[in-house]
There are 2 protein chains.
Amino acid sequence: MPSATVEDYIKQIYLISDQIGIKEVAMGRVADALGVVPGTATTMVKALAAAGLANYAPRVGVSLTGQGHVLALHVLRRHRLIEQFLVEQLGYDWSEVHEEAEQLEHVISERLLERIDKILGHPTVDPHGDPIPSASGEMSESQLESFLQCPLNKTLRIARIADQNPDFLSYIARSGLNPGASVTITLRDSRAESVQLLARGQQLSMGWGAAAKVLVER
Amino acid sequence: MPSATVEDYIKQIYLISDQIGIKEVAMGRVADALGVVPGTATTMVKALAAAGLANYAPRVGVSLTGQGHVLALHVLRRHRLIEQFLVEQLGYDWSEVHEEAEQLEHVISERLLERIDKILGHPTVDPHGDPIPSASGEMSESQLESFLQCPLNKTLRIARIADQNPDFLSYIARSGLNPGASVTITLRDSRAESVQLLARGQQLSMGWGAAAKVLVER
DNA sequence: GTCTTTACTTTGATTTTGCTAAATTATCAT
DNA sequence: ATGATAATTTAGCAAAATCAAAGTAAAGAC
């Protein structure tokens with residue numbers, strides 16, 4: 001059985017690769033995501049490669065093997081189902097479940113996981129709007145638009161917040177931009193890299209970076 | 001923060017000491033309980049002593065310090081609340097929750113624990129009838145009698161099964177001797193070390209060892 | 001009272017995961 | 001090209017938790 005550390009590495013490699021849309025992930029990014037020094041990441045990734053979970057090319061980066069990919073989806077499934085459970089059944093706020101899930105995902109049994117899945121009615125997204133892989137490893141890949149691409153002056157529904165940073169999430173929550181809420185983008189200024197929007201009757205403005213992390217659907 | 005291993009050692013030392021009613025626990029018992037070779041237990045217990053959690057006397061045994069005692073009760077609280085939660089909210093059978101709780105007890109946050117405690121209505125015993133220490137470390141110490149001490153031919157209520165062995169628990173569950181069920185002891189033969197009893201209308205017989213682990217109240 | 005058995009301790013090695021610091025390679029501006 | 005800067009790898013070390021095997025002490029057998 002893979003250790004919690006191995007699972008974390010595999011999960012982060014998957015997430016980074018997915019986020020930047022490139023298969024090969026640079027070691028620096030891996031080290032950053034795991035909060036370790038680069039040398040540690042190199043050592044660990046070599047071990048992952050030796051275990052058949054990843055392909056490692058020195059000075060190029062790391063990518064997941066088929067086996068690694070399967071593991072990543074399993075870990076993600078655990079993480080996201082737990083998040084959903086904490087919100088739905090334990091009264092947690094959606095913006096504060098990440099840390100708890102981060103711990104639980106490594107020790108929860110398959111059996112408990114499936115029981116939670118059933119109780120929640122087999123949800124397909126977690127409280128942040130992140131898709132939950134099925135037990136067999138499929139994931140609904142809907143194409144959402146971010147605040148940077150979506151049309152102006154239309155009422156849209158927040159579908160997903162693509163970030164786990166507690167600070168950012170609590171800002172989003174306080175601004176009433178939870179998944180499910182309605183927004184209208186009123187203005188986008190590419191020179192100022194700024195977006196103006198209307199949510200809960202309030203006028204807000206966000207920078208490019210933050211705006212890119214909020215995904216909507218019509 | 002103590003590691004999962006440290007918590008396990010402290011918990012086992014507490015349980016053994018409680019069970020045999022002696023403060024000093026022999027190293028062999030510790031090693032057995034944790035499933036490690038004796039040398040490992042010696043090393044670990046020395047580390048516990050160095051951390052101020054236990055007192056260690058070579059070739060005599062180990063006992064908990066005040067600090068160790070507090071930690072033991074915290075771990076036990078987590079373990080037993082989780083067991084109760086799994087049974088009450090997740091539909092687990094009381095005889096099969098131990099393993100899962102064994103893992104979860106080391107990673108659950110104080111916050112989640114208190115939320116579970118609240119949802120369950122601050123229970124004082126877990127599904128096996130084991131008492132749950134309060135957040136401040138108090139534990140209701142009711143004096144129950146085992147099948148070996150209780151009066152004959154009276155209807156008694158099963159209060160607690162003082163064992164975690166899955167085999168034994170599932171035998172108990174199949175025999176209808178769950179905590180809360182009713183029984184009558186019909187005969188006790190000390191030469192044969194055997195107890196005859198009536199539960200769910202069925203006649204059963206148990207040996208001394210097994211009978212000692214079933215605790216009842218009137 | 002010696003001897004043997006049993007319980008326990010010590011020692012040295014291993015695995016996993018991390019670190020620091022030095023060495024290497026790549027990149028980019030001049 | 002060349003030299004500076006940044007990213008990456010290598011090498012050596014450390015802590016936690018384990019084991020195997022050898023040594024030691026205590027307890028009971030005769």
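Keep in mind the model is a prediction, meaning the values are calculated, not measured. Numbers restart at 1 for each chain; the letters A, B, ... are given by sequence-line order, proteins then strands.
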If you pin A:T5 and B:T43 to their nearest nucleotides in DNA chain C, which one's is more 5'?
-> B:T43
Is NZ or CZ of B:R111 both nearer than 6.0 Å to the six-membered ring centre of A:Y92 and within 45° of the ring axis?
-> yes
Check whether the side chains of A:H106 and A:D8 place a donor and an acceptor atom closer than 3.5 Å, and report yes or no.
-> yes
Atom CG of A:L34 to atom P of C:dG18: distance rounded to whole Å?
-> 7 Å
A:V37 has a side chain; which of C:dT9, C:dT20, D:dT10 sits nearest to it?
-> C:dT20
Go through the steps to decide whether B:S136 and B:E138 satisfy the test side chain to side chain donor-acceptor pair (under 3.5 Å), and finish with yes or no.
-> CA-CA 6 Å; B:S136 53; B:E138 285 125 52; 3.2 Å; yes
Please work out if A:A47 contacts a base, only the sugar-phosphate, or nothing of the nucleic acid, heavy-atom cut-off 4.0 Å.
-> nothing
Are side-chain heavy atoms of A:W94 and A:I172 found at a separation under 4.5 Å?
-> yes
To the side chain of B:Y9, which of D:dT18, C:dT9, C:dT20 is closest?
-> D:dT18
What is the nucleic acid contact for A:V36, judged by heavy atoms within less than 4.0 Å: base, sugar-phosphate only, or nothing?
-> sugar-phosphate
With a non-hydrogen cut-off below 4.0 angstrom, is A:P38 in contact with a base, only sugar-phosphate, or nothing?
-> base
B:R59, nearest nucleotide to its side chain (from C:dG18, D:dT18, D:dA25) | D:dA25
B:M27 CE to C:dT9 P, straight-line distance once rounded to whole Å | 5 Å
